[in-house]
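Everything below concerns the one structure shown next.
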Amino acid sequence: MSRIGKKAVAIPAGVTADIADGMISVKGPKGVLSMPLADEIVYAIEDGAISVQPANSSKRARAFWGMQRTLIANLMQGVTQGFSKVLEINGVGYRAAAQGRNLNLQLGYSHHVNYAIPEGIEIKTPDQTTVEISGIDKQKVGQVAAEIRRWRKPEPYKGKGIKYRGEFIFRKEGKKK
């Protein structure tokens, strides 16, 4: 039995939710998000909250129950507060600069890496070694952060590369004489 699925998702003030044609759409101060609904789950909007229940007792319905509730909660948080991830760049000569709808990265390659910023995502570079990624879609923010990090993952000997803020990089000891 899902413990998280039993909780109803509260609809904050200034947010409207609508279920129609197998889609849920949520409109708030930051924008509009929508998501397809799973057939195995029954959704209901009542008393200023969205409740999620499995349609039957199949294993698939029970597996989707908590996940669907969390996805709806992410929609609510996205249209009210938004999501953000911060990347830190470590290494001599490694730097980033946001220029319009492109992120220009210098990561020790013989060329610059130009990353085109997707729609719905905002990237700021408060300094040359920090990249702030924000948007209303949690999945898209995380995907963009992962794609940028993939250009130069942190290595375990000196810690050079792109890492998430707060991420622990396991460090190895170098060769000994």
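We number each residue from 1, following the sequence as shown.
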### Joint cluster assignment, L71 & I136, ILVMFWY side-chain distance < 4.5 Å
yes
### Note: E88-R165 ion pair, threshold 4.0 Å (strictly below)
yes
### Task
Show your reasoning for whether side-chain contact (heavy atoms from CB on, under 4.5 Å) applies to K163 and I169.
CA-CA 8 Å; K163 69 179 186 103; I169 305 301; 3.9 Å; yes
#### Entry: Distance, nearest 0.5 Å, that separates OG of S134 from NZ of K30
7.5 Å
### Task
May I ask you to test the P156-F170 pair for a side-chain heavy-atom distance under 4.5 Å?
no
### Query
Under 6.0 Å from the CG atom of D47, do we count more than 12 heavy atoms belonging to anything else shown?
no
### Query
Do the side chains of I45 and I19 get nearer than 4.5 Å, heavy atoms only?
yes
### Task
Taking all non-hydrogen atoms of both residues into account, name the closest pair between Q68 and M35 and its distance.
OE1-CE, 3.6 Å
### Query
Any donor-acceptor pair under 3.5 Å linking the side chain of R95 with the backbone of T129?
no
### Message
In the structure I gave you, are the side-chain heavy atoms of W65 and K6 within less than 4.5 Å of one another anywhere?
### Response
yes
### Message
Could you measure the distance from the CD atom of Q106 to the NE2 atom of H111? Nearest 0.5 Å is fine.
### Response
12.0 Å
### Query
Does the D137 side chain pair with the main chain of Q139, one donor and one acceptor, at a distance under 3.5 Å?
yes
### Task
Kindly give the heavy-atom pair with the smallest separation between F64 and A38, and that separation in Å.
CD2-CB, 3.5 Å
### Task
Provide the closest heavy-atom pair for V79 versus P29 in the form atom of the first, atom of the second, distance.
O-CD, 3.3 Å
### Query
Where the side chain of D21 meets the backbone of M23, is there a donor-acceptor pair that is under 3.5 Å apart?
no
### V113 side chain near N104 side chain, heavy-atom distance below 4.5 Å
no
### Query
Does the R171 side chain pair with the main chain of K158, one donor and one acceptor, at a distance under 3.5 Å?
yes
#### Entry: From NE2 (H112) to CG (L107), nearest 0.5 Å
10.5 Å
### Task
Verify side-chain contact (heavy atoms from CB on, under 4.5 Å) between E46 and S51, making sure each step is shown before the conclusion.
CA-CA 8 Å; E46 51 198 21; S51 64; 3.6 Å; yes
### Test item: K138 side-chain N/O and G82 main-chain N/O as donor-acceptor pair under 3.5 Å
no
### Summary
The reported gap from CG in D127 to CD in E132 (rounded to nearest 0.5 angstrom) is 8.5 Å
#### Entry: Separation between CZ of R101 and CG of N114, rounded to the nearest 0.5 Å
14.0 Å
### Task
For the pair R152 (side chain) and I162 (backbone), establish whether a donor and an acceptor sit closer than 3.5 Å, ignoring hydrogens and angles.
no
### Message
Test your reading of the model: is there a side-chain donor-acceptor pair from Y109 to the backbone of W151, 3.5 Å cut-off?
### Response
yes
### Message
Main chain of M76, side chain of T80: is a donor-acceptor contact present, judged purely on distance under 3.5 Å?
### Response
yes
### Query
Heavy-atom distance under 4.5 Å between the side chains of Y94 and L105, does that happen here?
no
### Query
Same cluster for L37 and L33 if Ile/Leu/Val/Met/Phe/Trp/Tyr side chains link at under 4.5 Å?
yes
### Task
Considering only NZ, NE, NH1 and NH2 on the basic side and carboxylate oxygens on the acidic side, decide whether E173 and K176 come within less than 4.0 Å.
yes
### Message
For a quick test of reading the model, state the closest non-hydrogen atom pair linking L103 to A96 and the distance between them.
### Response
CD1-CB, 4.4 Å
### Message
In this structure, would I117 and L87 fall into the same cluster of hydrophobic residues linked by side-chain contacts under 4.5 Å?
### Response
yes
#### Entry: Whether S58 side chain and A61 backbone form a donor-acceptor pair below 3.5 Å
yes
## Note on the structure
Exactly one candidate in Q143, R149, R150 meets side-chain hydrogen bond (donor to acceptor under 3.5 Å, both in side chains) with E147; the answer is Q143
#### Entry: Side chain proximity check, I121 to I133, heavy atoms < 4.5 angstrom
yes
### Message
Are more than 12 heavy atoms, taken from residues, nucleotides or ligands other than K7, located less than 6.0 Å from that residue's NZ atom?
### Response
no
### Message
Give me the atom names and distance for the closest heavy-atom approach of A17 to I50.
### Response
CB-CD1, 3.9 Å
### Salt-bridge present (E155, K153; N to O < 4.0 Å)
no
### Query
Does the side chain of I123 come within less than 4.5 Å of V144's, by heavy atoms?
yes
### Message
Closer than 3.5 angstrom, by distance alone: can the side chain of Y43 be matched with the main-chain N or O of Q53 as a donor-acceptor pair?
### Response
no
### Message
Could you go through V86 and V131, starting from their C-alpha distance and side-chain angles, then the distance that decides it, and tell me whether this counts as side-chain contact (heavy atoms from CB on, under 4.5 Å)?
### Response
CA-CA 6 Å; V86 179; V131 179; over 6 Å; no
### Single-linkage hydrophobic cluster Y164~V141, side-chain heavy atoms < 4.5 angstrom
yes
### Query
Does any non-hydrogen side-chain atom of Y115 lie less than 4.5 Å from one of N102?
no
### Query
Linking I/L/V/M/F/W/Y whenever any side-chain heavy atoms sit under 4.5 Å apart, do V15 and V52 land together?
yes
### Summary
Between G91 and K160, the two heavy atoms sitting closest are CA-CG, 4.0 Å
